[in-house]
Amino acid sequence: MGPRTTDSASKNEKAVTGGNCGGPARPRLRSSSDGSIYTRRVVGGHNTSSSMLFNPKSVLKRPVSTEELQTPGGPYIKKTFTIEGDAVGWGFVIRGNQPCHIQAVEPFGPAAAAGMKVCQFVVSVNGFNVLDLDYRTVSHLILTGPRTVVMEVMEETDH
């Protein structure tokens, strides 16, 4: 995948994949590994063929450290997902730095089918610990690896 550009996207536009840690499911969109969401623009009643990019605001309610995620007895539980990529990708967006988190999940994509949710923190990708990496490095690991990705994430408990 090459560099991305914007077609005069407004910085005030919101992600169409849901709000803060949940929200209603919306139509399936495609997103890039760098956190940008692709959507079609309607201009003069016509659907344009070019895609528009914008970066949604973080879905996290507060910053979380890697130490907090690894604290025994803490408010996080570990989950493992095996995601089989389809012709376009895996259906999720990673953002953040040390630790990275799931910023968006396509409602009908492979990641959603596996059980992945927004606001989960990425612990490992295909057995490689990624807690101390930024989202660009983690995205690169996923994009250059096999079509089937095994990811461990930490999810906050409801307590």
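Count residues from 1 along the sequence.
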* **Value rounded to 0.5 Å, distance of CE in M151 from CG in N126** => 9.0 Å
* Check step by step if side-chain contact (heavy atoms from CB on, under 4.5 Å) holds for F81 and V150. => CA-CA 6 Å; F81 301 109; V150 178; over 6 Å; no
* Asked: So do F92 and Q103 actually touch side chain to side chain, heavy atoms under 4.5 Å?
  -> no
* Nearest-0.5 Å distance, CZ of residue R136 to SG of residue C100 -> 11.0 Å
* Structure fact -> Heavy atoms of M116 and V105 approach each other most closely as O-CG1, 3.9 Å
* Atom of E106, atom of A112 and distance for their closest heavy-atom approach -> O-CB, 3.2 Å
* Structure fact -> OH of Y135 to CZ of R95, rounded to nearest 0.5 Å, is 3.5 Å
* To do: Begin with the C-alpha distance, continue with both residues' side-chain angles, and end with the deciding distance and a verdict on side-chain contact (heavy atoms from CB on, under 4.5 Å) for H101 and V59.
  => CA-CA 9 Å; H101 64 277; V59 295; 4.0 Å; yes
* To do: Show the numbers, then the answer: is there a side-chain contact (heavy atoms from CB on, under 4.5 Å) between Q98 and D134?
  => CA-CA 6 Å; Q98 303 173 357; D134 70 336; 5.7 Å; no
* Is V149 reachable from L143 through a run of hydrophobic residues whose side-chain heavy atoms are each under 4.5 Å from the next? -> yes
* Contact list for residues 71-85, test salt bridge (charged side-chain N to carboxylate O under 4.0 Å, His left out), sequence neighbours left out -> K78-E152, K79-E155
* To do: May I ask you to decide whether K117 forms a salt bridge with E156, counting only side-chain N to carboxylate O separations under 4.0 Å?
  => no
* Point-to-point distance, once rounded to the nearest 0.5 Å, from CD1 of I94 to OG of S139 -> 5.0 Å
* **Distance in Å, K61 NZ paired with C119 SG, rounded so as to fall on 0.5 Å steps** => 7.0 Å
* Applying side chain to side chain contact (heavy atoms under 4.5 Å, CB included) between V130 and each of T137, V125, I142, report the one that passes. => V125
* Structure fact -> In terms of heavy-atom contacts, S65 and P99 come closest through C-CD, 4.1 Å
* If you take all heavy atoms of Y76 and M154, which pair is closest and at what distance? -> CB-CE, 3.7 Å
* Asked: So if you build clusters from Ile, Leu, Val, Met, Phe, Trp, Tyr with side-chain heavy-atom gaps below 4.5 Å, do F128 and V122 land together?
  -> yes
* Flag side-chain contact, heavy atom, 4.5 Å: L60 against F121 -> yes
* Asked: Can you tell me how far CG of L133 sits from OG of S124, rounded to the nearest 0.5 angstrom?
  -> 11.5 Å
* Asked: Heavy-atom distance under 4.5 Å between the side chains of L69 and V64, does that happen here?
  -> yes
* Which heavy atom in I83 sits nearest to a heavy atom in A111, and how many Å separate them? -> CG2-N, 3.9 Å
